[in-house]
Amino acid sequence: MKEQARHITTDLVHHSYQAPPAFAAIQPAVHKASTVIFDSMHDMRTRRWLDKSGFTYGLHGTPTTYQLEERLCSLEGGKQCLLVPSGLSAISTVALGLLSAGDEVLIPDNAYGPNKDFAEHELARWGIRHACYNPMDVADLHAKITPATKLVWLEAPGSVSMEFPDLIALVQACRARGVTTVLDNTWGAGLAFKPFDLLADGGSVAVDVSAHALTKYPSGGGDVLMGSIITTDNAVHMRIKLTHMRLGIGIGANDAELVLRSLSSMAVRYHAHDVSARVLAAALQRQPAVVQLLHPAFAGAPGHAHWQQLCGAAHQGQGAAAGLFSVVVDAQFDQAAIDRLCDSLQLFKLGYSWGGPMSLVVPYDIDSMRAGGRGALQAGTVVRFCVGLEDTQDLLRDLAQAWEKAFGQAWVQ
Ligand SMILES: *Cc1c(COP(=O)(O)O)cnc(C)c1O
């Protein structure tokens, strides 16, 4: 087209220069858009976004979000992926996409707390009921499935208390009753086990949906909030996708870029967190004030055999287990002692979330978080440690000094 003499304000919007198309950088480009331009009216009428054959509007996807979706599908072994602005948004979007008035959803009693909260305060207003089941008792799940049950949440291991359920048996129980399963796969992250191939035999036992808080290991920086919803069943995917679209949910291109950048180092980081966490967990297990170690890779921890079955083969039989664990501190130590521990730690900071470079610690009041009691957990306060990427010996020294201040007991080497 011939360039006409135009005002600079117009030229700054409609500039004629186009960079040469091929630019071979390591990281994918960051495409930002609300509006996407069409070539012609014919193009506008025929271009499709639902099947991802084209781009129509920023909210419906960009090359950057498609790239991230594809890599996340590879990570978890899924076929379709939706991106949402947080892990919690993945949870709520799955529920809104798959449930209707009169339906019931079952949630493990040790689930990520806000999942229960969403069911209790939001789903209830739409006439959707929820109940909690004991994830360590497959018979309890069987007993709680009713004709109204349309969705069962799974988490392996449970948030905070880290009991590892018999995920395979739970999924089979749901399959036998025709109930859709959705796994909160934040802990496993696609690395500890494959949610769509639990028996590692090509997919004979698979969850229907995997929801993942990318905020944790995929981000890895403690600086991005994002979630993904991954499926292998196109019908399930499309139901959630249309809800996702109608709710107007999207993510920012810069956040997608950060996760794309971090994904390439994720497996290495996950393993490093895991190795360091196991050294620290073993050290804590030696302390008399610790009455129970809640780390699924340790013999004696609740659900250890299930972890072994699902995650035990990775890393030459060492298994894969993330950088997260909890301990139960002897009930003789009161809240003031627990607070002294948490306040005395220098490298372990006080803060929620996990998966970033910095180690974190949070005490939890488990009894207030559960409907069905403590299960296999001993009496005492649960303290959760999220192990970052600091040097393991530095973290050990930090634990030792804080332990002595908090409990007046010498640290057992
Ligand atoms: C953190 C977390 C979430 C929620 O992720 P956000 O991005 O913080 O909303 C969901 N499930 C589990 C297991 C988590 O640890």
Side-chain angles (χ1 to χ4, degrees), residues 68 72 76 81-96 105 107-119 121-122 132 135 151-165 167 181-193 195 207 209-230 244 247 249-252 255-256 258-259 262-263 266 270 273-274 277 294-296 303 307 311 321-326 351-356 358-362 364 366 369-370 382 384-388:
L68 181 53
L72 292 167
E76 298 205 36
C81 174
L82 292 166
L83 296 170
V84 290
S86 68
L88 182 53
S89 173
I91 290 171
S92 59
T93 305
V94 167
L96 292 175
V105 53
I107 303 174
D109 204 16
N110 61 1
Y112 175 68
N115 190 347
K116 288 184 184 174
D117 205 52
F118 180 74
H121 297 285
E122 300 299 330
C132 291
L151 189 65
V152 170
W153 277 95
L154 304 155
E155 209 175 313
S159 271
V160 180
S161 48
M162 309 297 293
E163 306 102 323
F164 210 98
L167 190 60
T181 52
V182 48
L183 172 73
D184 181 331
N185 195 30
T186 306
W187 178 91
L191 293 170
F193 60 90
V207 302
V209 184
S210 171
H212 189 167
L214 307 178
T215 306
K216 309 294 166 52
Y217 292 116
S219 149
D223 53 358
V224 180
L225 287 155
M226 200 183 292
S228 60
I229 301 165
I230 295 183
H244 177 267
L247 287 170
I249 296 170
I251 58 143
D255 285 344
L258 286 173
V259 177
S262 297
L263 267 185
M266 179 179 160
Y270 190 90
H273 288 293
D274 180 4
L294 304 170
H295 185 309
W307 171 83
C311 317
L324 205 62
F325 67 88
S326 296
Y352 297 110
S353 200
W354 40 280
M358 198 178 281
S359 292
L360 301 169
V361 61
V362 184
Y364 285 90
I366 285 287
M369 294 160 65
R370 296 207 173 174
V382 170
R384 185 176 78 178
F385 295 90
C386 135
V387 178

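Being a predicted model, the structure only gives us computed values, none of them experimental. One-based numbering, in listed order, for ligands and for the atoms of each.
Each of the atoms 2 (C), 3 (C), 4 (C), 5 (O) of ligand 1 lies under 4.0 Å from some heavy atom of Ala213. For ligand 1, the atoms sitting less than 4.0 Å from at least one non-hydrogen atom of Gly87 are 4 (C), 5 (O), 6 (P), 7 (O), 9 (O), numbered in the order shown with element in parentheses. Residue contact check: Leu88 has heavy atoms under 4.0 Å from atoms 4 (C), 5 (O), 6 (P), 9 (O) of ligand 1. Listed by number with element, the atoms of ligand 1 under 4.0 Å from a non-hydrogen atom of Glu155 are 13 (C). Every atom of ligand 1 with a heavy atom of Ser159 under 4.0 Å away is listed here by number and element: 13 (C).
Looking only at distances, a side-chain donor or acceptor of Thr215 sits under 3.5 Å from a matching main-chain atom of Met226. Between the side chain of Ser92 and the main chain of Ser89, a donor-acceptor pair closer than 3.5 Å is present.
Side chains of Arg370 and Ser161: a donor-acceptor N/O pair is present below 3.5 angstrom, by distance only.
Heavy atoms from other residues, nucleotides or ligands lying under 6.0 Å from CE of Met369 number more than 12.
Taking each of Val160, Leu225, Leu214, Val84 in turn, the one with a heavy atom nearest to atom 8 (O) of ligand 1 proves to be Leu225. Here atom 7 (O) of ligand 1 lies nearest to Thr215 when heavy atoms of Thr215, Asn185, Thr186, Asp184 are compared.
Distances between N or O atoms of Lys216 and those of ligand 1 include at least one value under 3.5 Å.
Nearest protein heavy-atom contact of atom 3 (C) of ligand 1 is Tyr112 CZ, 3.4 Å.
Heavy-atom minimum distance, Tyr217 versus Ala322: OH-CB, 3.6 Å.
Note on ring orientation: taking the six-membered ring where Trp is involved, the planes of Tyr270 and Trp187 are perpendicular (angle over 60°, cut-offs 30° and 60°).
At least one heavy atom of Trp354 sits under 4.0 Å from some atom of ligand 1.
Within the 4.5 Å cutoff, the side chain of Thr93 has heavy atoms near those of the Ile229 side chain.
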